[in-house]
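First the proteins, then the strands, lettered A, B, ... as listed; each starts at 1.
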Amino acid sequence: MEPRNAPRPKRMRGVLHLRRCRMKTLSSEDYHASPLYRIRHSAAHIMAAAVLEMFPEGKVAIGPPIEHGFYYDFDLPRQLTQEDLEKIEGRMRELIASRLDFQYQEITPEEGQALFADQPYKLELIHDILERGADEYGEKTEHPQLSIYKSGAFTDLCRGPHVQNSREIHPKAVKLLNIAGAYWRGDSDRPMLQRIYGTAWEKPEELREYLDWMEEVKKRDHRRLIKDLDLVSFHEEAGPGLAYWHPRGAIMRKTIEDFWRERHLEGDYDFVYTPHIGKAWLWETSGHLDFYRDSMYAPMEIDEQEYFIKPMNCPFHILIYKTQLRSYRELPLRWAELGTVYRFEKSGVLHGLLRVRGFTQDDAHIICTPEQIESEALRVLRFSLSLLRAFGFEQIEAYLSTRPEKAVGEPARWEQAQESLLRAINAENLVYQVDEGGGAFYGPKIDLKIKDALGREWQLTTIQFDFNEPERFDMTYVGEDGQEHRPYMVHRALLGSLERFFGILVEHYAGAFPVWLAPEQARVIPIADRHVEYARQVEAQLRKAHLRVKTDDSSARMNAKIREAQLMKVPYMLVVGDQEVEAGAVAVRLRSGNNLGALPVADFITLAQKAIEEHALE
RNA sequence: GCCGACGUAGCUCAAUCGGCGGAGCAUCCGCCUUGUAAGCGGAGGGUCGUGGGUUCGAUUCCCACCGUCGGCUCCA
């Protein structure tokens, strides 16, 4: 399915200025056993101690280490401020410097209840540990044992581990970051607590590096870049979470869509188009209305019928399937659609392009026989990997989610589907994790997560079996035996949604897109007005060669024009002055700052086309 | 949806402890005609998020709403 000479991105370098992310990335078991884990856990206790000194009547909840630091949740008499944070941090440094011992002690339930008599959250934890064998993080333990850690005046219910003494914590490698609200036990029906996030490292240099990394994350924030680069906007007066694609963003999206369609044709998919709205019947039949009515846009009434804007494409594809009596001979069917759907996401969760209310899924449904699922699973996985790699994502991991307790569909079908997925993962030598029982009620799935240039994980692809809808819509095909059979159906979105994928691309490339994606691939920069005519000739030649090109004919000086093009991250700046006019050439400057010198126009075109063809980064 | 912070020109951000609102960049006009990241000068531009309230007077104080941001919950 994948062409032998499929373009592969070049290794990342040059223009991205990627500092290798040297932050430690440990596997979760390694992390739990690491000094860093103990440092962070202990820093959380010290923070709690400092907070309780400030608010003796304060109640403490839980305070675990997390990926890049730690947090602690509090129930306090008043709202914390930024100034409080600084004070707490200062006090933490003093406490750390006072060389506190962390003393472990196992206690009886009675002791625990006495010790934490005025700490209702701790009492609840004690109760849970004893009654349900679940520790403060909800993890099950075989032999519930209460334990505490004492450090100075502060004692916390905790299983540890911790540092032996606070001198193992470098006071200058600890920093408090922000205050946020968080529900007690993550339950939206329970009290809202105040959470303080902090970070801690072994050495001050590591803290510095982490803060630099955060700075880089901030610089790459797609919400900033889509504005600066004139790609996409949002309009509160027209509805939050709804993206407007400007010309520069739209041409990129078109490039992505065209590439996606081309690949799908090569992959033997067919395309379908379906409506944006449909009667309630569709969602009643699929079963989604019961579950997701609240997150669907309210229905509109037409001829006394409820119509909904579609939150998904599958029922529409199923209706197309059911227009004919289907034979096993025509399976598998692979029907793809860039289907725009709307979901009424809660206001607090919207986040630039990464979480929107209207988005376009790169959706497809694969309908096949039981005999075909093995090969189809492998095929779709391979297909997805090749697509993701074509966009420059090389680090890809798989997550297999299997049958949950409550599930529809015959266990044998689940079994078969799961095994097919697992074999596909192995055939592709993917690093993977299995989430036992983590599948949706209607079928097992593989998710693919990529790592971006900053080492952050993003889930893009999802490949999901569905044992629910074929049943509910009574999909059938006639088998070799002349009998009706239930087909297997697989939903899959490879990029996820175009909006979200685009946002991730923006952050991954920090706006400096590879030439094939760049909205403006080249900008011709005449040095003086007398060069504008030649510049336009160059522009016309490039456009004829299908390059996306503009001429900067403003009266600004060349330096200003270059700066402008740099800021817009245009890959090729083509400076033309007397010499170039004379020679029929362009002086090529790359956005990395590298100067290729003067090239004949035809040579530049060849160079640019090669970069586009190869999906090269510079 | 929940907790908190924030919302001033196209953008980034000042200011007014209640008394006719400012800068840089951008835009427009003019001069300059330029060799690899900002040439110079001038002009225009704001219902101070929206709606109420308090007040002689509100951008400033109070309330509600909308939106954004940091999280939490959620994500077919």
Undergrad: Give a yes/no answer on whether the side chain of A:R224 brings an N or O atom under 4.0 Å of OP1 or OP2 in B:rU12.
TA: yes
Undergrad: How is the base pairing of RNA chain B summarised as a dot-bracket string, given the Watson-Crick and G-U wobble criteria with both distances under 3.5 Å, [ ] for crossing and | for another strand?
TA: (((((((..((((.....[..)))).(((((.......))))).....(((((..]....))))))))))))....
Undergrad: So, does A:R530 get its side chain near the phosphate of B:rU34, meaning an N or O under 4.0 Å from OP1 or OP2?
TA: yes
Undergrad: Tell me what A:R195 touches on the nucleic acid: a base, only sugar-phosphate, or nothing, going by heavy atoms under 4.0 Å.
TA: sugar-phosphate
Undergrad: Among B:rG70, B:rA76, B:rC32, which nucleotide sits nearest the side chain of A:H351?
TA: B:rG70
Undergrad: Let's see if you can work this out: which of B:rU73, B:rA76, B:rG71 has an atom nearest to the side-chain heavy atoms of A:S188?
TA: B:rU73
Undergrad: Choose from B:rA76, B:rG70, B:rG39 the nucleotide whose nearest atom is closest to any side-chain atom of A:R343.
TA: B:rA76
Undergrad: Heavy atoms only, 4.0 Å cut-off, all strands: where does A:L567 land among base, sugar-phosphate and nothing?
TA: base
Undergrad: Tell me whether A:D221 is salt-bridged to A:R223, with the criterion being a basic N under 4.0 Å from an acidic carboxylate O.
TA: yes
Undergrad: On the nucleotide B:rG1, are OP1 or OP2 found under 4.0 Å from the side-chain N or O atoms that A:S347 carries?
TA: yes
Undergrad: Under 4.0 Å between any heavy atoms, over every strand shown, what does A:D189 touch: base, sugar-phosphate, or nothing? Just pick one.
TA: nothing
Undergrad: Out of B:rC74, B:rC72, B:rC2, which has the shortest distance to the side chain of A:Y197?
TA: B:rC72
Undergrad: So A:Q361, base contact, sugar-phosphate only, or nothing? Heavy-atom distance under 4.0 Å.
TA: nothing
Undergrad: Can you find a donor-acceptor N/O pair under 3.5 angstrom joining the side chain of A:R591 to the base of B:rA37?
TA: no
Undergrad: Contact class for A:R78 vs. all strands (heavy atom < 4.0 Å): base, sugar-phosphate, or nothing?
TA: nothing
Undergrad: Among B:rC74, B:rU36, B:rG71, which is the nearest nucleotide to the side chain of A:V349?
TA: B:rC74
Undergrad: Take atom CZ in A:F291; do more than 12 heavy atoms of anything else shown fall under 6.0 Å from it?
TA: no
Undergrad: Counting primed atoms plus P, OP1 and OP2 as sugar-phosphate and everything else as base, spell out the protein contacts along nucleotides 44-50 of chain B at 4.0 Å heavy-atom distance: B, S or - for each nucleotide, 5' to 3'.
TA: -------
Undergrad: Have a look at A:S286 and say if it touches a base, only the backbone sugar-phosphate, or nothing, with a 4.0 Å heavy-atom cut-off.
TA: nothing
Undergrad: Given that A:N178 and A:M558 both sit by RNA chain B, which one's nearest nucleotide is further toward the 5' end?
TA: A:M558
Undergrad: Judged by atom type as modelled, is there a donor-acceptor pair below 3.5 Å linking the side chain of A:Q464 to the main-chain atoms of A:G443?
TA: no
Undergrad: Picking from B:rG35, B:rC3, B:rU68, which would you name as closest to the side chain of A:Q79?
TA: B:rC3
Undergrad: Please list, chain by chain and in numerical order, all residues satisfying side chain to side chain contact (heavy atoms under 4.5 Å, CB included) with A:Y292, sequence neighbours excluded.
TA: A:H288, A:S295
Undergrad: In terms of side-chain heavy atoms of A:K227, which of B:rU12, B:rA76, B:rG35 is nearest?
TA: B:rU12
Undergrad: For A:N559, answer base if it contacts any base atom (sugar-phosphate contacts may also be present), sugar-phosphate if it contacts only those atoms, and nothing otherwise; contact means non-hydrogen atoms under 4.0 Å.
TA: sugar-phosphate
Undergrad: Hey, which of these two, A:C314 or A:G186, hits RNA chain B nearer its 5' end, going by closest nucleotide?
TA: A:G186
Undergrad: Could you give the distance separating B:rC13 and B:rU59 at their C1' atoms, to the nearest angstrom?
TA: 16 Å
Undergrad: Reckon A:Q194 touches a base, only the sugar-phosphate, or nothing at all at heavy-atom distances under 4.0 Å?
TA: nothing
Undergrad: What nucleic acid atoms does A:R223 come within less than 4.0 Å of, heavy atoms only: base, sugar-phosphate, or nothing?
TA: sugar-phosphate
Undergrad: Which listed nucleotide (B:rA37, B:rG39, B:rG1) is nearest to the side chain of A:Y183?
TA: B:rG1
Undergrad: Separation of A:E345 atom CD from B:rU73 atom P, in whole Å?
TA: 15 Å
Undergrad: Counting side-chain heavy atoms from C-beta on, which of B:rC2, B:rA76, B:rA38 comes nearest to A:R563?
TA: B:rA38
